[in-house]
Amino acid sequence: MTHELNPVSLTHEDVPHERREPREHREGRGDRFRPQRHARHGGEEGGEGSGAPEMNAEELSATSQRLTEELLTKMGFEPKVSVRVEGNRVDVTVEVDRDDDLLNGRQGETRQSLQHLLNRFLNKGDGSRYHLQLEVNDFWQQREVELEALARKLADEAITTNSEVVSDYLNSQERRILHVTLKEDSRVRTFSLGTGMVKRVAVAPASFPERSEDEPAS
């Protein structure tokens with residue numbers, strides 16, 4: 001049976017390219033990294049320019065739970081959904097008994113796509129008044145621990161080799177964990193490389209000279 005999920009029209013993201021972003025657009029402490037409101041999670045910020053109607057905490061919680069349950073049920077899952085609301089932020093935790101890897105993806109890319117869909121549904125497809133953060137069977141909590149360890153490993157490697165080291169491609173939430181983890185490490189600076197939603201994080205010694213735009217990553 002085919003189920004239709006068409007509350008909004010989505011825009012397909014372009015496939016990211018390898019070329020470097022202009023220096024003024026990089027993320028991170030080494031350039032113009034600006035902490036977002038939610039240091040641990042990142043993602044879409046709430047804004048008053050959204051087309052979504054104003055909801056109180058009870059309405060926001062109920063709507064978020066309904067949208068999540070409907071989406072995952074139509075995907076063939078039997079989710080147990082719990083919701084916590086703080087201002088315009090909604091933390092949605094989903095528990096499933098099987099196949100949680102299908103909802104998360106190998107590196108969380110599926111979970112982030114589902115989160116993007118739910119945010120579009122919640123905000124009526126326009127703006128970002130509300131930010132919904134999706135967690136599936138504690139995947140993101142575990143991923144945060146892995147990324148914090150990766151950040152420290154890259155920093156140690158950069159200092160040991162006195163060179164710039166680069167992570168694999170990461171989404172915005174994953175990159176933010178690396179930036180935040182190393183924010184107070186005065187030995188190194190961090191910035192992002194690439195364009196689009198998926199980029200790499202570079203970690204370099206604080207005294208390491210800035211390389212030109214046309215030089216390849218280390």
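Model, not experiment: these values are computed from the prediction.
- Under the side chain to side chain donor-acceptor pair (under 3.5 Å) criterion, Ser82 pairs with no residue, sequence neighbours left out.
- With sequence neighbours left out, the salt bridge (Lys or Arg N to Asp or Glu O under 4.0 Å) criterion links Glu58 to no other residue.
- Using modelled atom types, one finds no donor on one side chain facing an acceptor on the other under 3.5 Å when comparing Asp91 with Gln133.
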**OP:** Go through the steps for Val81 and Val83 under the test side-chain contact (heavy atoms from CB on, under 4.5 Å), then give the verdict.
**Re:** CA-CA 7 Å; Val81 180; Val83 179; 4.2 Å; yes
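- Shown here are the side chain to side chain contact (heavy atoms under 4.5 Å, CB included) partners of Ile159, two or more places apart in sequence or in another chain: Arg187, Val188, Pro205.
- Among residues two or more places apart in sequence or in another chain, the salt bridge (Lys or Arg N to Asp or Glu O under 4.0 Å) test is passed with Arg152 by none.
- Within a 6.0 Å sphere centred on CG of Asn56, heavy atoms belonging to other residues, nucleotides or ligands number more than 12.
- In summary, Asp185 and Lys183 do not engage in a salt bridge, as defined by a charged side-chain N under 4.0 Å from a carboxylate O.
- With sequence neighbours excluded, no residue satisfies salt bridge (Lys or Arg N to Asp or Glu O under 4.0 Å) with Glu59.
- Residues that satisfy the side chain to side chain donor-acceptor pair (under 3.5 Å) test with Glu135, not counting sequence neighbours, are absent from this structure.
- Remark: Arg98 is positioned above the aromatic ring of Phe77, its terminal NZ or CZ atom under 6.0 angstrom from the ring centre and at most 45 degrees off the axis.
- If you run salt bridge (Lys or Arg N to Asp or Glu O under 4.0 Å) between Glu174 and each of Arg111, Lys199, Arg143, only Arg143 comes through.
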**OP:** List the steps and the verdict of side-chain contact (heavy atoms from CB on, under 4.5 Å) for Asn137 and Val94.
**Re:** CA-CA 6 Å; Asn137 284 10; Val94 171; 5.7 Å; no
